[in-house]
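The structure appears below as structure tokens.
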Amino acid sequence: MAQRLAVRRLLALGRRPPAPQSLPGRTFGGSAIRGSTFNVQDGGDFQERVVNSTKPVVVDFHAQWCGPCKILGPRLEKMVAKQEGKVVMAKVDIDDHTDLAIEYEVSAVPTVLAMKNGDVVDKFVGIKDEDQLEAFLKKLIGA
């Protein structure tokens, strides 16, 4: 019975309409938060979408096991989304991308970098409240 159900699911996958083509940036979902935030896939992706970005980028170095990261991440995503496209957010899991964490001297999580034209222009470690995050973002985008 279980095998039959598994076969039906596999067959059903083939009948689904193709997923809509996403724009460059590989973001998924339709919310404003997801549109301004992306997960870094590898070093080349980081180079292309963060270092070479024409927009300012907030880089959130985090880990799945990090409690404070689970608090800061959604708060930061919400604040970035409020900037209406003036800034984007890259999320870097330090366990998956240790090389990037070492390169950017991340010694604790959460660590958040503000990058402009490929250079780190500001940074903080730990949790911030919404007012502090707003000030951090405004300084980055020059508002």
Side-chain angles (χ1 to χ4, degrees), residues 2 5-143:
L5 182 58
V7 170
R8 284 184 187 159
R9 286 184 181 157
L10 285 172
L11 291 174
L13 287 174
R15 286 184 265 166
R16 288 186 181 162
Q21 294 291 346
S22 62
L23 296 173
R26 300 182 215 146
T27 56
F28 300 100
S31 73
I33 290 176
R34 294 307 313 161
S36 57
T37 301
F38 60 91
N39 291 315
V40 171
Q41 304 299 314
D42 55 36
D45 187 43
F46 187 87
Q47 180 71 32
E48 178 186 329
R49 298 169 71 190
V50 177
V51 176
N52 296 340
S53 177
T54 57
K55 291 183 181 181
V57 182
V58 172
V59 184
D60 176 19
F61 285 92
H62 69 282
Q64 295 297 318
W65 47 262
C66 168
C69 298
K70 293 177 183 180
I71 295 168
L72 179 67
R75 187 181 291 171
L76 189 54
E77 287 180 31
K78 179 180 165 188
M79 297 303 292
V80 166
K82 283 185 178 180
Q83 303 306 313
E84 300 175 341
K86 295 177 187 165
V87 64
V88 294
M89 180 173 161
K91 297 182 67 70
V92 180
D93 187 317
I94 63 162
D95 292 326
D96 294 337
H97 306 292
T98 308
D99 54 333
L100 289 172
I102 292 169
E103 182 179 345
Y104 286 91
E105 300 175 354
V106 174
S107 58
V109 286
T111 293
V112 178
L113 306 180
M115 295 186 69
K116 210 176 219 180
N117 301 319
D119 296 320
V120 177
V121 295
D122 202 358
K123 122 183 210 179
F124 70 83
V125 178
I127 296 180
K128 301 287 184 192
D129 65 30
E130 288 192 7
D131 290 340
Q132 292 168 316
L133 292 176
E134 186 173 359
F136 180 79
L137 291 172
K138 287 193 182 297
K139 181 178 173 187
L140 175 60
I141 61 176

Any non-hydrogen side-chain atom of [X] less than 4.5 Å from a side-chain atom of [Y]?
X	Y	value
V109	W65	yes
M89	V57	no
V59	V92	yes
V125	F61	no
T111	K123	yes
K55	V87	no
K128	F136	no
E134	K82	no

Given L72 and V112, is the side-chain contact (heavy atoms from CB on, under 4.5 Å) satisfied, shown in steps?
CA-CA 10 Å; L72 179 67; V112 178; 3.7 Å; yes
Which distance, rounded to the nearest 0.5 Å, do you find between the [atom1] of [X] and the [atom2] of [Y]?
X	Y	atom1	atom2	result
D93	Q64	CG	CD	5.5 Å
I127	D129	CD1	CG	10.5 Å
S36	E77	OG	CD	7.5 Å
E130	Q132	CD	CD	11.0 Å
I71	L76	CD1	CG	13.5 Å

Closest heavy-atom contact between R49 and N39?
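Between these two residues, the closest heavy atoms are NH1-O, 4.2 Å.
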What are the two closest non-hydrogen atoms of G142 and K116, and how far apart are they?
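So the minimum-distance heavy-atom pair works out to N-NZ, 4.5 Å.
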Could you check E103 against F46 for side-chain contact (heavy atoms from CB on, under 4.5 Å), going step by step and ending with a plain yes or no?
CA-CA 12 Å; E103 182 179 345; F46 187 87; over 6 Å; no
Test H62 against I94 for side-chain contact (heavy atoms from CB on, under 4.5 Å), laying out the working first.
CA-CA 6 Å; H62 69 282; I94 63 162; over 6 Å; no
Scan residues 44-86 for pairs that pass disulfide (SG to SG under 2.5 Å), counting only residues two or more places apart or in two chains.
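As it turns out, the disulfide (SG to SG under 2.5 Å) pairs with a partner in residues 44-86, which skip direct neighbours, are C66-C69.
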Could you name each residue pair satisfying salt bridge (charged side-chain N to carboxylate O under 4.0 Å, His left out) that touches residues 59-75, not counting sequence neighbours?
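Pairs touching residues 59-75 that pass the test: D60-K91.
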For D99, all residues meeting side chain to side chain contact (heavy atoms under 4.5 Å, CB included), sequence neighbours excluded:
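Scan of D99 (side chain to side chain contact (heavy atoms under 4.5 Å, CB included), adjacent residues dropped) gives H97.
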